[in-house]
Amino acid sequence: MITLKEFKDKYIGKMIESGIESAAFDFNYILQEVSGISKTDIIINPDKTLTEEQTKCLSTVFERYIKGEPLQYILGYTWFMNNKFSVAPGVLIPRSDTEVVCEKAISYLNNFKKPSVIDMCTGSGCIGLSIASACPSASVYLCDISPVAMEISCENSSSLGLSSRVKILKGDLFKALDSLKTSQKYQMIISNPPYISREIIKLLDSRVRDHEPILALDGGIDGLDFYRKIISEASLYLKNDGMLIFETGYDQTEAVASLMEESGFYKDIERFKDYGGNYRGVSGIYKGDSQ
Ligand code: GLN
């Protein structure tokens, strides 16, 4: 039997040893999530013992975390825009930086009665499903080429009770829409595509590089491949005044805004920042057929 205090000292020690900088914070978060024990519980009852089952379960989680697996994959979920999303290796872990992109999208969609939205490269579905959850009249199409993304986004759509307004489509970018067999136009195309350049992938933190799917990260030599492809086709699918909105890396915003400008299809092009003050995305409004 191990006491709370002994368990804490053991694992914070191991985490520090393995170079985890935020060891104390991570320890408290994991303990709370996995066993419901708070840091205050340890202060009040340091000599309380963990049950055998708690010790086994917590030790497994901490050992995996110390070996470098992302916590969200170990737990099988994460939080995004106040909703719980299942995640698994094979889909990118939703990042809080992406929330600003969703918020901007939602505020535009609030101007329309029954907007239809494409979330291109949906992964876990976090963007499209957050939009569906915040805009109760929206229909949302989640597109991805990855079978794991299909599975996880479907699971998230049903656990959030959104399946009646959400369709999940498999295919390479806009080819995913072929199965709909309609020439419907959409109020918004939103995407957080793979945008890491080849050079930078090598330099990513190992918790990301060795565990998150390369397919969801790799944006080609300069990281802009998917923006080019999406921008070249998006206008065919947007309504007049439809919005094309992207998440971008902090240093890609200008390049993506230029690609949108050069295409000649978009007006009101805006670059926007996340809550950390870094550039995070670009949006533009389709000028329409009458341009
Ligand atoms: N849309 C998902 C997200 O924002 C996945 C993005 C991706 O796979 N590049 O997390």
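- Here the rule is ring-ring contact (aromatic ring centres under 6.0 Å, His included) with Phe174, and of Tyr237, Tyr186, Phe226 only Tyr237 fits it.
- Atom NZ of Lys39 has 12 or fewer heavy atoms from other residues, nucleotides or ligands within 6.0 Å.
- A heavy-atom distance below 4.5 Å is not found between the side chains of Tyr195 and Thr248.
- Heavy atoms of other residues, nucleotides or ligands lying less than 6.0 angstrom from NZ of Lys185 number more than 12.
- The minimum heavy-atom distance linking Gly223 with Gln252 is given by the pair O-NE2, 3.6 Å.
- Side chains of Lys114 and Ser139 form no contact here, defined as non-hydrogen atoms less than 4.5 Å apart.
- Residue Asp274 holds its CG atom at 13.0 Å from CZ of Arg95, rounded to the nearest 0.5 Å.
- In summary, Asp225 and Arg228 engage in a salt bridge, as defined by a charged side-chain N under 4.0 Å from a carboxylate O.
- Tyr286 and Tyr108 are members of different hydrophobic clusters when ILVMFWY side chains are connected at heavy-atom separations under 4.5 Å.
- Both cation-pi conditions hold for Arg207 and Tyr65: the charged atom is under 6.0 angstrom from the six-membered ring centre and inside a 45 degree cone around its axis.
- Within 6.0 Å of atom NZ in Lys229, more than 12 heavy atoms from other residues, nucleotides or ligands are found, so the atom counts as buried in its surroundings.
- A salt bridge links Arg271 and Glu261; the closest N-O separation between the charged side-chain nitrogens and carboxylate oxygens is under 4.0 Å.
- For the atom pair CE (Met188) and CD1 (Ile245), the distance works out to 5.5 Å, reported to the nearest 0.5 Å.
- Ion pairing between Arg209 and Glu212 fails under the 4.0 Å rule for side-chain N and carboxylate O.
- In the displayed structure, Asn82 atom CG is contacted under 6.0 Å by at most 12 heavy atoms of other residues, nucleotides or ligands.
- The six-membered or imidazole ring of Phe62 lies near that of Phe27, with a centre-to-centre distance under 6.0 Å.
- In this structure, Ile127 is not a member of the same hydrophobic cluster as Val87, with clusters built from ILVMFWY side-chain heavy atoms closer than 4.5 Å.
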Pair Tyr77, Phe85 - check ring pair (Phe, Tyr, Trp, His ring centres under 6.0 Å), show working. CA-CA 5 Å; Tyr77 65 84; Phe85 284 87; over 10 Å; no
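- Put simply, Met243 and Met260 are part of two different groups of oily side chains (I, L, V, M, F, W, Y) that touch within less than 4.5 Å, one to the next.
- Linking Ile, Leu, Val, Met, Phe, Trp and Tyr whenever their side-chain heavy atoms come within less than 4.5 Å leaves Ile93 and Leu217 in two separate clusters.
- At a threshold of 4.5 Å between side-chain heavy atoms, the hydrophobic network of Ile, Leu, Val, Met, Phe, Trp and Tyr places Tyr11 and Leu75 in one connected group.
- The minimum heavy-atom distance between Ile152 and Ala88, with the atom names listed, is CD1-CB, 3.8 Å.
- With contacts defined as side-chain heavy-atom distances shorter than 4.5 Å, the pair Tyr141/Thr122 does not qualify.
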Do Gln54 and Ser35 pass the side-chain hydrogen bond (donor to acceptor under 3.5 Å, both in side chains) test, and can you show the C-alpha distance, the side-chain angles, and the key distance before you say yes or no? CA-CA 7 Å; Gln54 280 175 321; Ser35 64; 5.1 Å; no
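- Around CG of Leu215, the count of heavy atoms belonging to other residues, nucleotides or ligands within 6.0 Å does not exceed 12.
- Between Glu63 and Lys14 there is a salt bridge, since a side-chain N of the basic residue sits under 4.0 Å from a carboxylate O of the acidic one.
- Salt bridge present: Lys5 and Asp9 bring a charged side-chain N and a carboxylate O closer than 4.0 Å.
- Salt bridge annotation for Lys267-Asp241: present, with a cationic side-chain nitrogen under 4.0 angstrom from a carboxylate oxygen.
- Between Arg198 and Asp218 there is a salt bridge, since a side-chain N of the basic residue sits under 4.0 Å from a carboxylate O of the acidic one.
- Across every non-hydrogen atom of Gly90 and Ser146, the tightest pair is O-OG, 4.1 Å.
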Asp41 vs Ser38, side chain to side chain contact (heavy atoms under 4.5 Å, CB included): CA-CA, chis, key distance, verdict: CA-CA 5 Å; Asp41 292 330; Ser38 70; 3.3 Å; yes
